[in-house]
S.K.: 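One structure follows; several queries about it will come next.
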Amino acid sequence: MQFGEKVMALMESAERTAESAYRQIEKTIDLNQWKVIDAFQKHKVSDYHFASSTGYGYNDRGREVLDLVYADALGAEAALVRPHFVSGTHTISTALFGVLRPGEHLLYITGKPYDTLHKVIGKPGDGSGSLQDWGIAYNEVALTPEGAPDWSAITSAIQPNTKVIGIQRSRGYSWRPSFTIEQIGEMVRFVKEVNPDVIVFVDNCYGEFTETREPTEVGVDLMAGSLIKNPGGGIAPSGGYIAGRRDLVELAAYRLTAPGIGGEVGAMLGATRAMFQGLFLAPHLVGQAVKGSVFAAAVFEELGFESHPRWQETRTDLIQAIRFTSAEHLITFVQGIQKAAAVDSHVVPEPWDMPGYEHPVIMAAGTFIQGGSLELSADAPIREPYIAYMQGGLTYSHCKLGVLTAIQHMEDKGLI
């Protein structure tokens, strides 16, 4: 695509503005890359670990070592890393069902969780097999107007049967800050003072390797994420991970397979090499995507739009939220991101009623891995306020192309 003078001037101005932020991101990339390589070396990863398995997958040494490497790279006692997880929602659901029992209570302290978890939580007696259908009580504590935990309300909401405290690290479809590792550590300390036995669970999707520590390094008991997001490095064809305390990871493994079987089986079906290599690449590729988000913020702020986080603010996930003034602005932006894709650039996204979501959703996803949101993508529910959520980009150059193409598309339609 050819860009006009206005768009090229915006690019040059944004890159000058964001130069200091880029330098800090490069430091984070280095530290995370070295940490991951150290985990590979500690467990003597070799070519034979990449061999596939079939059937039951007994004694699959590659699978076993992959779990060990993930645990060390994420600062956890144990990890369960499998291609059998179909999405982040499935992985989170497995973790929650693994540790919760009928009569116990799940409390989210970061407001309403991501849209696709609403059906997992469910309603009492809904007949779908949701958490509440199984007699697990649920409450959530709204964040303050500033997007911070409401400490007083959290104290009041913790009940004698509260088993799990849920924290969503990323903003999801909300105009609020994502939570830094330091903030998550503060939440852990607070709830453990109220009830030392409570299990703290973190939905870590979009957050891995954006900082130099992970939630399990600040006291979180259990966390989960998707391999078609950050840790899969744009290569893992599917899957997810659960990491944390060894006993809790084992309970989650029983939920994934069956009690008494757990993580001892599970044929990897040729995915092991890609999962190892994706983890190796993840720190660098996450850094590329974070640089792209900073660039997007700098450009759209110069155009007069609100962005969250702003270009100079601390990053703790991939997501860049941009607030538009109309549904047409929003849809045109997302369609512009699609036009910059290497895959399916000719496709024009339109809002549709996507399973698991409560409003029509538009998604730009010209990706090599279907739904792979470490790759350049953008999505938004069509509801007020009109906010687009851009994430990913395996290369910074692609991120720039996506942002500039979206702006040119908006300009061509007379929207800026």
Side-chain angles (χ1 to χ4, degrees), residues 76-77 88-89 91-172 174 176-179 181-205 215-216 218-224 242-252 254-255 259 358:
E77 284 184 4
T89 301
T91 312
I92 294 163
S93 175
T94 301
L96 293 175
F97 273 103
V99 300
L100 284 159
R101 300 291 179 266
E104 294 176 340
H105 177 226
L106 166 65
L107 175 67
Y108 258 78
I109 63 171
T110 52
K112 188 178 291 294
Y114 192 71
D115 291 41
T116 56
L117 286 178
H118 298 177
K119 297 294 179 67
V120 173
I121 294 165
K123 297 177 181 179
D126 61 21
S128 68
S130 65
L131 288 167
Q132 292 201 66
D133 196 23
W134 280 101
I136 296 164
Y138 172 78
N139 291 102
E140 61 197 39
V141 177
L143 297 169
T144 67
E146 296 74 31
D150 187 333
W151 304 115
S152 176
I154 291 169
T155 301
S156 299
I158 296 177
Q159 304 168 15
N161 66 333
T162 301
K163 179 69 172 293
V164 174
I165 297 290
I167 296 170
Q168 182 173 293
R169 180 177 180 179
S170 180
R171 72 185 64 245
S174 300
R176 64 129 171 115
S178 298
F179 291 109
I181 295 299
E182 183 177 353
Q183 290 169 324
I184 290 171
E186 185 180 4
M187 293 182 219
V188 172
R189 289 188 293 273
F190 183 86
V191 299
K192 294 281 188 178
E193 286 178 3
V194 178
N195 181 353
D197 298 324
V198 77
I199 295 168
V200 179
F201 168 80
V202 167
D203 169 358
N204 204 31
C205 288
T216 36
V218 292
V220 165
D221 299 296
L222 194 66
M223 66 183 185
I242 296 171
R245 273 173 36 192
R246 191 175 309 280
D247 59 326
L248 302 179
V249 172
E250 184 175 26
L251 289 173
Y254 290 156
R255 175 71 188 189
E358 297 178 356

S.K.: Would you check, one step at a time, whether the test side-chain contact (heavy atoms from CB on, under 4.5 Å) holds for Leu106 with Lys163?
M.R.: CA-CA 6 Å; Leu106 166 65; Lys163 179 69 172 293; over 6 Å; no

S.K.: Which atom pair, heavy atoms only, marks the closest approach of Val141 to Ala157?
M.R.: CG2-CB, 3.7 Å

S.K.: Could you walk me through whether Tyr108 and Phe201 pass the side-chain contact (heavy atoms from CB on, under 4.5 Å) check?
M.R.: CA-CA 9 Å; Tyr108 258 78; Phe201 168 80; 4.0 Å; yes

S.K.: Using only atom types and a distance under 3.5 Å, with no angle test, would you say the side chain of Arg169 pairs donor to acceptor with the backbone of Asp203?
M.R.: no

S.K.: Nearest 0.5 Å please: distance from the OH atom of Tyr138 over to the NE2 atom of His118.
M.R.: 7.0 Å

S.K.: So, taking the atom named CG in Leu143 and the one named OG in Ser174, what distance separates them when rounded to the nearest 0.5 Å?
M.R.: 8.0 Å

S.K.: Using 0.5 Å steps for rounding, measure from the OG1 atom of Thr110 to the CD1 atom of Ile167.
M.R.: 6.5 Å

S.K.: Asp133 and Gly125: which non-hydrogen atoms are nearest, and at how many Å?
M.R.: OD1-CA, 3.3 Å

S.K.: Where is the tightest heavy-atom contact between Val188 and Gly219, given as atom of each residue plus distance?
M.R.: CG1-O, 3.6 Å

S.K.: For residues Ser130 and Gln132, is any side-chain donor paired with an opposing acceptor at under 3.5 Å?
M.R.: no

S.K.: Check whether any side-chain heavy atom of Ser128 sits under 4.5 Å from a side-chain heavy atom of Lys119, and report yes or no.
M.R.: no

S.K.: Between CD of Gln168 and CZ of Phe179, what distance do you get to the nearest 0.5 Å?
M.R.: 9.0 Å

S.K.: Rounded to the nearest 0.5 Å, what separation is found between the CD1 atom of Ile165 and the CD1 atom of Ile158?
M.R.: 4.5 Å

S.K.: Could you check if a side-chain atom of Glu186 sits within less than 4.5 angstrom of a side-chain atom of Trp151, using non-hydrogen atoms only?
M.R.: yes

S.K.: Please tell me if the side chains of Val120 and Pro113 come closer than 4.5 Å, counting only heavy atoms from C-beta onward.
M.R.: no

S.K.: To the nearest 0.5 Å, what is the distance between NZ on Lys112 and CG on Leu117?
M.R.: 11.5 Å

S.K.: Quick one, Lys192 and Asp221 - any side-chain contact, counting heavy atoms below 4.5 Å?
M.R.: yes

S.K.: Going by heavy atoms in the side chains, are Ile181 and Pro215 under 4.5 Å from each other?
M.R.: yes

S.K.: Check Val200 against Val220 and note the closest heavy-atom contact, atom names and distance.
M.R.: O-CG1, 3.5 Å

S.K.: Which atoms form the tightest heavy-atom contact between Ala252 and Ala95, and what is the distance?
M.R.: CB-CA, 4.2 Å

S.K.: So, does Arg246 use its side chain to make a donor-acceptor pair with the main chain of Glu77 at under 3.5 Å?
M.R.: yes

S.K.: If you look at every heavy atom in Cys205 and Ile92, which pair is closest and at what distance?
M.R.: SG-CD1, 4.4 Å

S.K.: Under 6.0 Å from the CD atom of Glu182, do we count more than 12 heavy atoms belonging to anything else shown?
M.R.: no

S.K.: side-chain contact (heavy atoms from CB on, under 4.5 Å), that's the test. Do Asn139 and His105 meet it? Break it down for me.
M.R.: CA-CA 8 Å; Asn139 291 102; His105 177 226; 2.9 Å; yes

